[in-house]
Structure formats: C-alpha cells, structure tokens
Amino acid sequence: MSESLERLQKVIAQSGITSRRKAEQFILDGRVKVNDEVTTVLGTKVSLKDKIVVDGVPLEKEAPVYYMLYKPKGVISSVKDDKNRKVVMDYLAGIDERVFPIGRLDYDTSGLILLTNDGEFAHLLMHPKHEIKKVYMAKIKGIPSKKELSRLRKGVISNNERLKAIDYNIVSTDKKANSTVLEITLHEGKNRHVKRMMEQLGYPVLKLKREKYGMLTLKGLKTGTYRELTPYEVKQMRNMANQNVKQ
Ligand code: URA
C-alpha cells in the first residue's frame with residue numbers, strides 16, 4: 001500500500017486476518033480503532049500513517065507477498081499443526097512475512113499451493129464464483145469407460161453435494177496394473193473434491209497432484225521448493241478472477 005487513502009475494511013482484509021466482508025462486520029461491531037478512536041463507519045479512508053487496531057491488536061502493515069510452493073505429499077496445508085506433523089510453512093522457513101495458504105490440498109496430495117499475506121487476494125481466488133481453473137493429475141484404481149467418465153461433467157452427488165469436473169482427459173491406462181491416469185480440471189475445490197467424485201464413480205484415487213492453478217504451473221520447481229510470483233502473475237490471477245464473475 002502506498003501513501004494513498006484506502007478503505008478501512010480493505011486494509012484490514014489485506015493484513016490477512018479476515019475477509020473484507022468480515023472486516024466490515026468487525027467495524028460495525030465496534031471492534032476497530034483508528035488512531036485510538038473506535039470507528040463504526042464503513043468506508044472510512046485510512047493511509048499508512050494511521051494506527052489501526054483490531055480487538056486491541058495493532059495491524060501489521062506488511063507489504064503483500066505471493067508465493068507458490070510445490071507441496072510434497074505428507075504435509076498439512078496449514079500454518080501450524082497440533083500433532084506436530086510437517087506443515088507447508090516448514091518449506092518457507094526463509095521468509096519473514098506471515099503468510100498463509102490459499103485453500104488447501106489434502107495431506108497425501110502433492111502439488112501447487114499458493115501462499116500470501118494478502119487476505120483480499122486469497123478471498124478473490126478462493127471464491128467459487130470466480131471459477132479459477134485447477135488442474136489435477138489423478139492416478140485411479142481401475143479403467144473407467146468414456147461413458148462412466150462422462151458423468152463427471154454433469155456432476156455426481158456425494159454427501160448431498162454435487163461434485164463436478166469441468167473437463168477431464170485420459171492420459172494413460174495400464175491394463176496390467178489395472179490403473180488409469182486422468183487429468184481433471186475443476187472450478188471449485190470442495191473438501192476432497194476429486195477423491196469423493198472418483199469414489200462415487202467406483203474408481204478410487206491412488207495418487208493425486210495439483211499441476212496448475214489458473215495459468216500458474218509447477219514448471220521449474222522441485223518438490224518441496226517455492227518461488228515468489230512475479231507482479232505480472234499476480235496481476236493476471238487478479239484479472240482472471242475478476243473476469244470470471246458471473247453477473
Ligand atoms: N481434491 C481432493 O480430493 N484432494 C485434494 O487435495 C484436492 C482436490
């Protein structure tokens with residue numbers, strides 16, 4: 001953020017503590033002080049010079065940062081784990097900012113995960129209406145027919161939820177090992193989305209990796225390594241999310 005004026009709820013969301021909508025509620029609930037005065041006015045303009053305190057805790061004004069990590073399997077997609085298992089943050093030990101993962105990958109799923117301290121950016125990418133494409137490579141048990149796979153586009157029901165893929169491709173089949181590798185593209189990311197969808201078809205997932213998030217790929221990264229996104233990539237991701245909003 002520069003010296004320019006920004007709306008208070010945006011600044012709170014950018015600090016990563018909550019979404020913009022919840023920040024608005026914090027303001028309405030009288031939990032936010034600007035320069036030692038409680039303000040309940042949405043849209044109050046603030047600059048870097050203003051002291052903002054939420055629930056008695058001053059906001060840290062870190063510059064926003066954006067990373068992608070090639071998460072290995074056997075790692076939790078969170079900042080801390082009470083059972084002391086490895087977490088994604090263990091792989092970003094070299095960075096000073098307080099980042100958090102954008103969404104999650106299962107413990108045994110590997111692949112591309114984004115981390116940021118920009119709550120607003122995270123919110124933008126995660127909202128299903130923004131339809132950011134995520135591409136997964138799934139090794140499944142069995143060899144499904146094209147007809148069986150065609151159910152993925154319509155969606156299958158699991159725990160009262162419709163789980164859909166927007167696209168899929170058979171990458172390879174191994175008759176001897178009785179397994180298939182599928183490339184599956186999703187717009188959403190419901191809990192265990194790919195695994196539940198494939199279980200419902202009767203072809204359980206043996207191995208899962210996220211290869212793409214929007215236009216971002218794992219190119220150049222080895223498992224367990226990370227890199228910063230370029231400003232151009234951040235801008236492209238923002239544009240992509242904003243373009244996909246259905247009116
Ligand atoms: N779908 C899953 O089943 N698991 C993941 O980690 C991501 C998508």
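We use all heavy atoms of the structure for the numbers below, so side chains are in, but hydrogens, waters and symmetry mates are not. We count ligands from 1, going down the list as the structure has it; atoms in each ligand are counted the same way.
- No N or O atom of R104 sits closer than 3.5 Å to an N or O atom of ligand 1.
- Close contacts of ligand 1 with T109, meaning ligand atoms under 4.0 Å from a residue heavy atom, involve 4 (N), 5 (C), 6 (O).
- Counting non-hydrogen atoms of neighbouring residues, nucleotides and ligands closer than 6.0 angstrom, the NZ atom of K212 reaches no more than 12 such neighbours.
- Counting the atoms of ligand 1 from 1 in the order shown, those under 4.0 Å from a heavy atom of Y136 are 7 (C), 8 (C).
- Using a 4.5 Å heavy-atom cutoff, the side chains of Q9 and F26 are not in contact.
- Within the 4.0 Å heavy-atom criterion, both parts of D106, backbone and side chain, lie near ligand 1.
- The ligand atoms of ligand 1 that sit less than 4.0 angstrom from a heavy atom of L208 are 1 (N), 2 (C), 3 (O), 4 (N), 5 (C).
- Rounding to the nearest 0.5 Å gives a distance of 9.0 Å between CG of L112 and OH of Y213.
- When every heavy atom of A138 is checked against every heavy atom of V194, the shortest pair comes out as CB-CG1, 4.3 Å.
- From the protein, the heavy atom lying nearest to atom 1 (N) of ligand 1 is V194 N, 3.1 Å.
- For ligand 1, one of its N or O atoms has an N or O atom of K195 under 3.5 Å away.
- T225 meets the side-chain contact (heavy atoms from CB on, under 4.5 Å) test with L221, K222; sequence neighbours excluded.
- At a 4.0 Å heavy-atom cut-off, ligand 1 does not touch L186 at all.
- Other members of the cluster containing V181 are M137, V171, with ILVMFWY side chains joined at under 4.5 Å, either directly or via other members.
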